[in-house]
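A quick note: this is a predicted structure, and the numbers were derived from the prediction, not measured.
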Number of protein chains: 2
Amino acid sequence: MPRTRHTILDCSPSCTVEATLELFGGKWKALILYHLFEDQVLRFGEFRHRLPNVTQRMLTNQLRELEADGLVSRTVFPVVPPHVEYRLTELGKTLKPVIQALKTWGDQYAHSVEREKKAKSDQTV
Amino acid sequence: MPRTRHTILDCSPSCTVEATLELFGGKWKALILYHLFEDQVLRFGEFRHRLPNVTQRMLTNQLRELEADGLVSRTVFPVVPPHVEYRLTELGKTLKPVIQALKTWGDQYAHSVEREKKAKSDQTV
DNA sequence: GCCATTAGTGTCAGGAATGATACCATGCCG
DNA sequence: CGGCATGGTATCATTCCTGACACTAATGGC
């Protein structure tokens with residue numbers, strides 16, 4: 001998560017970009033959202049499988065923040081063992097074009113960047 | 001910047017999202033790119049005016065990383081006082097739809113999130 | 001000679017975000 | 001009774017970001 005959470009948006013036009021970024025800055029949030037777009041409904045454990053590099057704590061954090069921002073809903077079934085379902089809210093669903101753009105770009109160009117970096121590291125090595 | 005920079009992309013389809021995110025994770029990078037889309041060419045000091053919350057050091061960092069990722073070019077004019085120009089590379093320009101999506105969403109929905117958060121903080125206060 | 005300019009770099013401190021690990025509740029199964 | 005399953009917490013360590021400050025280099029103006 002970005003370290004500074006702004007609360008006022010009446011500054012420059014870039015502020016809305018900044019504000020949007022704060023929803024994503026969470027390092028894993030875009031991934032979480034991406035998977036929710038893919039699967040509609042996910043349980044905590046399913047996120048863990050899809051995002052193996054995220055610690056349980058971070059995952060909890062990020063999900064709670066997404067929930068606090070009204071992008072994701074959390075439904076708890078009071079059973080044992082626990083059962084919790086996450087899904088996108090209506091607001092969350094509006095992010096689809098953004099996630100889609102990220103994915104599209106990544107599919108097309110991520111490899112270019114990899115090459116770029118590899119070329120440089122090869123030079124230094 | 002995200003703390004883990006992956007170098008391999010042959011994992012799940014979400015990896016390209018992840019990879020794209022790493023270019024943005026830099027907390028300020030998307031803003032930097034946004035301003036470059038607006039202004040085409042920017043000098044270091046101009047970034048500082050547009051991003052008053054970024055420290056000089058962070059700005060340098062982020063710009064260097066963007067340069068290393070091949071998204072931004074840095075042109076130094078060997079004069080005194082120093083003159084340095086930043087602009088998007090061809091690869092950088094391909095990010096336009098992504099930045100645009102961020103901006104569009106922010107313009108439309110950032111206020112919704114603000115309201116959401118405000119409502120919650122009002123409850124707790 | 002002294003100050004200002006620009007795009008930084010270097011260093012130190014403090015705080016925030018992240019990671020690793022251990023632990024919990026509860027009910028079912030054997 | 002012991003262990004497993006799920007969705008977490010709690011605690012501590014590490015790593016990253018920020019802030020404040022000092023310092024640089026070459027030229028122009030006072």
Self-check item: A:Val76 with A:Leu59, same ILVMFWY side-chain cluster at under 4.5 Å
Solution: yes
Quiz item: Using a cut-off of 4.0 Å on non-hydrogen atoms, how would the nucleic acid contact of A:Phe77 be classed: base, sugar-phosphate, or nothing?
Solution: nothing
Practice problem: Classify the side chain of B:Arg57 and the base of D:dT18 as holding, or not holding, a donor-acceptor pair under 3.5 Å. | Solution: yes
Quiz prompt | Heavy-atom donor-acceptor pair, B:Arg48 side-chain to C:dT6 base, under 3.5 Å | solution = no
Quiz item: Do A:Leu36 and A:Phe47 come close enough that some side-chain heavy atom pair is under 4.5 Å?
Solution: yes
Quiz prompt | B:Trp105: which of A:Thr94, A:Thr16, A:Thr20 passes side-chain hydrogen bond (donor to acceptor under 3.5 Å, both in side chains) | solution = A:Thr94
Quiz prompt | Minimum-distance nucleotide (side-chain atoms of A:Arg64 versus C:dG19, C:dG8, D:dG8) | solution = D:dG8
Quiz item: Contact class for A:Phe47 (heavy atom, under 4.0 Å): base, sugar-phosphate, or nothing?
Solution: nothing
Quiz prompt | B:Thr55, nearest nucleotide to its side chain (from D:dC17, D:dG19, C:dG8) | solution = D:dG19
Self-check item: Selection from C:dT6, C:dA7, D:dT9 that lies nearest to any side-chain heavy atom of B:Phe44
Solution: C:dA7
Quiz item: Distance check: side-chain N/O of B:Trp28 vs OP1/OP2 of D:dT18, anything under 4.0 Å?
Solution: yes
Practice problem: Please state how far atom OH in B:Tyr86 lies from atom P in C:dA7, giving the value in whole angstrom units. | Solution: 8 Å
Practice problem: Calculate the interatomic distance between A:His83 atom NE2 and D:dA5 atom C1'; express it in whole Å. | Solution: 13 Å
Quiz prompt | CD-CH2 distance between B:Glu18 and A:Trp28, expressed to the nearest 0.5 angstrom | solution = 5.5 Å
Quiz prompt | Residue whose nearest DNA chain C nucleotide is more 5′ - A:Val54 or A:Pro82 | solution = A:Val54
Quiz prompt | Residue B:Gln56, side-chain atoms from C-beta onward, closest of C:dA7, C:dG19, D:dG8 | solution = C:dA7
Quiz item: What nucleotide among C:dG27, C:dG19, C:dG8 has an atom nearest to a side-chain atom of A:Val80?
Solution: C:dG27
Quiz item: To the nearest angstrom, how far is A:Leu59 atom CG from C:dG19 atom P?
Solution: 11 Å
